[in-house]
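Remarks on the structure that follows.
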Amino acid sequence: MDKNCKNESRRDFLKKSTALAALAAASPALVKAGENDERIAALFEKIPLNLEINGKAYSLTVEPRVTLLDLLREQLHLTGTKKGCDYGQCGACTVHVNGKRINSCLSLAVMNEGKKITTIEGLADGDKLHPMQDAFIKHDGFQCGYCTPGQIMSALACINEGHANSRDEIREFMSGNICRCGAYPNIVDAVLEVKKGGQSS
Amino acid sequence: MINFEYIRASSVKAAVDALAKNPTGKFIAGGTNLIDLMKRGVTAPTRLIDINDLPLKQVEETTDGINIGALAINSEVSENELIKNNFPLLSMAFAAGASAQLRNMATVGGNMMQRTRCSYFYDTTMPCNKRQPGSGCGALQGHNRMHAIFGASDKCIAVHPSDMCVALAALNATVSISGPKGNRKIPFTDFHRLPEDKPELDNTLQKGEIITGVLIPKNNFNKNHYLKIRDRASYAFALISVAAALEMDVDTIKKVNIAMGGVAHKPWRMTEAEKFLVGKKATRENFSKAAELAMKSAKGYGHNNFKLKMAPIAITESLMIATGIV
């Protein structure tokens with residue numbers, strides 16, 4: 001690699017090249033819009049975005065196309081939230097927005113202006129794990145662990161919503177979180193235990 | 001995802017104006033389907049108009065029914081006491097759809113606007129008349145296990161994937177629409193359309209229009225059931241679903257509305273079966289006869305032939321569960 005390029009990460013390079021690719025792909029529409037430079041500028045404008053993540057206020061700028069998931073992982077390096085399918089089918093990216101669980105891969109970051117986000121990083125109190133995290137460890141609610149942050153965020157919401165009253169109800173309301181290792185029975189055990197302990201986030 | 005211009009609309013008029021200024025733009029509400037389609041390159045709007053700030057989130061009782069705003073969230077409508085008590089069929093349909101996370105994002109209007117989940121529509125390397133008019137239909141001779149058995153054309157055999165819409169069709173809902181030419185209302189069953197030779201059009205919304213809400217008239221349906229048959233116990237699109245709402249006078253059917261999902265390009269009302277059942281007793285035999293009538297125009301395309309057997313059983317079963325004679 002050229003010495004001068006050392007400071008430019010592969011990620012930055014990719015960002016730039018995809019912006020150029022987008023410009024090329026969008027060119028027919030843009031030729032017309034090109035009559036108005038303001039519109040081209042608007043297309044690539046980074047939008048100011050204020051949100052609160054795990055109790056901390058952030059003032060950011062993002063491209064419109066950046067999802068909440070990519071903002072968390074790529075821009076803020078909160079990599080606890082996982083990217084599984086990136087199409088809303090697996091639940092690995094589950095976070096809480098204003099207390100409600102959502103798939104962060106299907107939410108544009110800019111659509112979350114002024115909202116309060118909680119990710120898996122926001123659960124523990126220093127070194128003291130959240131009771132749901134403890135319960136997942138105690139009941140062996142995972143093998144590879146990739147789906148676990150999403151499972152835990154979803155499990156907390158499941159209890160808060162009042163949908164953790166039986167094993168069947170938990171299974172139904174946790175169906176948006178896929179575990180390819182098949183730790184489901186243990187996940188249900190963990191959720192039930194926290195529910196019975198009357199503990200939630 | 002190809003980048004786009006993002007703007008927030010503060011009123012219905014501002015949203016309609018913003019779309020009129022950019023015909024290749026789209027409204028975005030929950031985004032659960034649109035962002036998915038944009039990531040896959042199925043659609044690439046040059047402008048997204050965020051309508052989440054519009055005051056269309058209400059679920060309120062009116063003199064003749066209930067008025068649900070287009071931006072009401074699926075999970076909130078589903079668990080709303082008014083809905084649970086007066087329109088349990090709608091609550092059941094919501095609960096059967098998607099996952100808890102997606103229901104927390106998806107709006108009522110967005111649910112109506114979601115596109116088919118036909119894999120040929122999603123796969124941009126395949127022909128699809130809905131995605132690219134004139135390119136052909138990959139499903140017609142292809143893997144069509146999930147596809148339509150009613151009202152399809154040789155241009156498209158895709159199905160509409162919604163559960164909510166099936167219940168709203170059964171409940172005789174009305175859609176409120178706003179657009180450059182003013183406001184209008186249409187019956188819910190006229191909102192979605194059959195593919196015919198224009199499968200690129202999912203619905204009858206005109207250029208520049210926006211859904212503002214849904215009205216459901218009061219009813220006396222005291223027996224309701226939403227039966228959904230799918231490949232796994234939860235979080236899957238319907239192979240077949242049946243929304244059944246009955247007004248019973250002891251064991252005689254005074255009124256019955258039935259709609260099916262997963263079988264057509266739109267929620268499929270079964271008016272002939274409904275007519276047959278009015279005034280009859282709630283028995284397995286009558287329900288089976290009604291189901292037979294409902295299946296008269298059904299047609300399979302190969303992999304989905306099993307639906308021809310499954311559908312009448314599902315209709316009968318849903319009516320039996322609703323009336324409690326199982």
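In what follows, chains carry the letters A, B, and so on, assigned in the order in which the sequence lines appear, proteins first and then strands, with residues in each chain numbered from 1.
Only the side chain of A:Ile178 comes within contact range of chain B, with at least one heavy atom under 4.5 Å from a heavy atom of that chain. Neither the backbone nor the side chain of B:Ala44 comes within contact range of chain A; no heavy atom of the residue lies under 4.5 Å from a heavy atom of that chain. Residue B:Ala29 touches chain A through its backbone alone, counting heavy-atom pairs closer than 4.5 Å. With a 4.5 angstrom heavy-atom cutoff, A:Cys105 touches chain B via backbone and side-chain atoms both. Only the side chain of B:Leu48 comes within contact range of chain A, with heavy atoms under 4.5 Å apart. Of the atoms belonging to A:Ile47, it is side-chain heavy atoms, and not backbone ones, that fall under 4.5 Å from chain B.
Atom CZ of B:Arg47 and atom CZ of B:Phe27 lie 10.5 Å apart (nearest 0.5 Å). Remark: B:Ile68 CD1 to B:Thr212 OG1 distance equals 12.5 Å, nearest 0.5 Å.
You'll find the side chain of B:Cys118 reaches within 4.5 Å of the side chain of B:His147, heavy atoms only.
For B:Lys39, the NZ atom counts as densely surrounded, since its 6.0 Å shell holds more than 12 non-hydrogen atoms of other residues, nucleotides or ligands. No more than 12 heavy atoms of other residues, nucleotides or ligands shown are found within 6.0 angstrom of NZ on B:Lys13. Few gaps surround CZ on A:Arg167; more than 12 heavy atoms of other groups in view lie less than 6.0 Å from it.
Interface check for chain A: of the options B:Asn104, B:Asn33, B:Leu34, B:Asn52, the most heavy-atom pairs under 4.5 Å are formed by B:Asn104. If you tally non-hydrogen atom pairs under 4.5 Å between each of A:Gly176, A:Ser154, A:Gly88 and chain B, the highest count goes to A:Gly176. Between chain A and the residues B:Ser234, B:Ala236, B:Gly31, B:Ser99, the most heavy-atom pairs under 4.5 angstrom are made by B:Ser234.
Taking the centre and axis of the six-membered ring of A:Tyr146, the NZ or CZ atom of A:Arg180 falls outside the cone set by 45° and 6.0 Å.
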